[in-house]
Amino acid sequence: MSDSILRCKSKDFAKKIVFLCRDTKTKTKESVLTNQLLRSGTSIGANVYEAQYAQGKRDFISKLEIAQKECFETEYWLDLLFETGYIEESIYKPLQNQCGAIRRMLISSLNTAKEGCR
């Protein structure tokens with residue numbers, strides 16, 4: 001997984017999450033939900049990056065599975081922030097779509113990696 005599309009997309013997504021959380025905290029003074037989003041949204045890319053240096057196939061799969069779980073959690077926090085009026089639909093929709101695309105890439109990568117373990 002050299003400079004893969006998944007790594008690039010997850011890092012780009014993490015940056016957008018950082019900017020969103022910073023702006024949301026500044027504008028609305030909301031920090032509990034945004035802190036959760038910041039943790040899960042940046043953890044996706046961190047685990048994808050860490051998978052590159054896995055100590056074997058099982059470790060690689062484990063890191064991608066963690067990234068996938070963080071992706072699901074990030075979708076939840078984005079939904080909650082949108083549904084409670086902290087973020088606008090124009091911000092929410094593109095991030096939700098991007099997170100979904102990353103999740104689908106993770107699922108595909110995991111399926112491919114697990115095929116070799118059977």
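What you are looking at is a predicted structure, and each value in this text was computed from that prediction instead of being measured. For the numbers below, each heavy atom of this structure counts, side chains included, while hydrogens, waters and symmetry mates do not.
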Measuring only between side-chain heavy atoms, which start at C-beta, is [X] closer than 4.5 Å to [Y]?
X	Y	value
L81	Y92	no
L37	T24	no
Q98	D12	yes
Y76	Q36	no
T28	T34	no
L106	V48	yes

Looking only at heavy atoms, which two atoms of [X] and [Y] are closest? And how far apart?
X	Y	value
F13	L95	CE1-O, 3.5 Å
E30	K25	O-CG, 3.3 Å
G45	S10	CA-OG, 3.5 Å
F60	A54	N-CB, 3.3 Å

Flag, side chain of T26 to backbone of R22, donor-acceptor distance under 3.5 Å |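 Looks like yes, one N/O pair under 3.5 Å.
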Check: G100 main-chain N/O paired with R104 side-chain donor or acceptor under 3.5 Å =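 Indeed, once roles are kept as given, a pair shorter than 3.5 Å links the two residues.
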Given the rule that I, L, V, M, F, W and Y join up when any side-chain heavy atoms are under 4.5 Å apart, are I66 and W77 in one cluster?
->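 I66 does not cluster with W77.
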Are L110 and I44 grouped together when hydrophobic residues (ILVMFWY) are joined by side-chain heavy atoms under 4.5 angstrom apart?
->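 Yes, L110 connects to I44 through the hydrophobic network.
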If you round to the nearest 0.5 Å, how far is [atom2] of [Y] from [atom1] of [X]?
X	Y	atom1	atom2	result
D79	T74	CG	OG1	11.0 Å
L20	I87	CG	CD1	5.5 Å
S40	L78	OG	CG	7.5 Å
I107	L64	CD1	CG	11.5 Å

Between N47 and E65, is any side-chain donor less than 3.5 angstrom from a side-chain acceptor?
->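 On atom types as modelled, these side chains do not qualify, holding no pair under 3.5 Å.
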Starting from the C-alpha separation in whole Å, work towards a yes-or-no answer on side chain to side chain contact (heavy atoms under 4.5 Å, CB included) for I91 and D23.
-> CA-CA 11 Å; I91 294 168; D23 294 346; over 6 Å; no
Just one of Q68, E70, E75 clears the side-chain hydrogen bond (donor to acceptor under 3.5 Å, both in side chains) bar with R103, so which one?
->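 Of Q68, E70, E75, side-chain hydrogen bond (donor to acceptor under 3.5 Å, both in side chains) with R103 is met by E75 alone.
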Y53/K63 under side chain to side chain contact (heavy atoms under 4.5 Å, CB included): CA gap, chis, key distance, verdict | CA-CA 10 Å; Y53 301 101; K63 299 298 183 216; over 6 Å; no
Exceeds 12 heavy-atom contacts within 6.0 angstrom, atom NZ of K69 |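 No - once you tally the heavy atoms of other residues, nucleotides and ligands closer than 6.0 Å, there are 12 at most.
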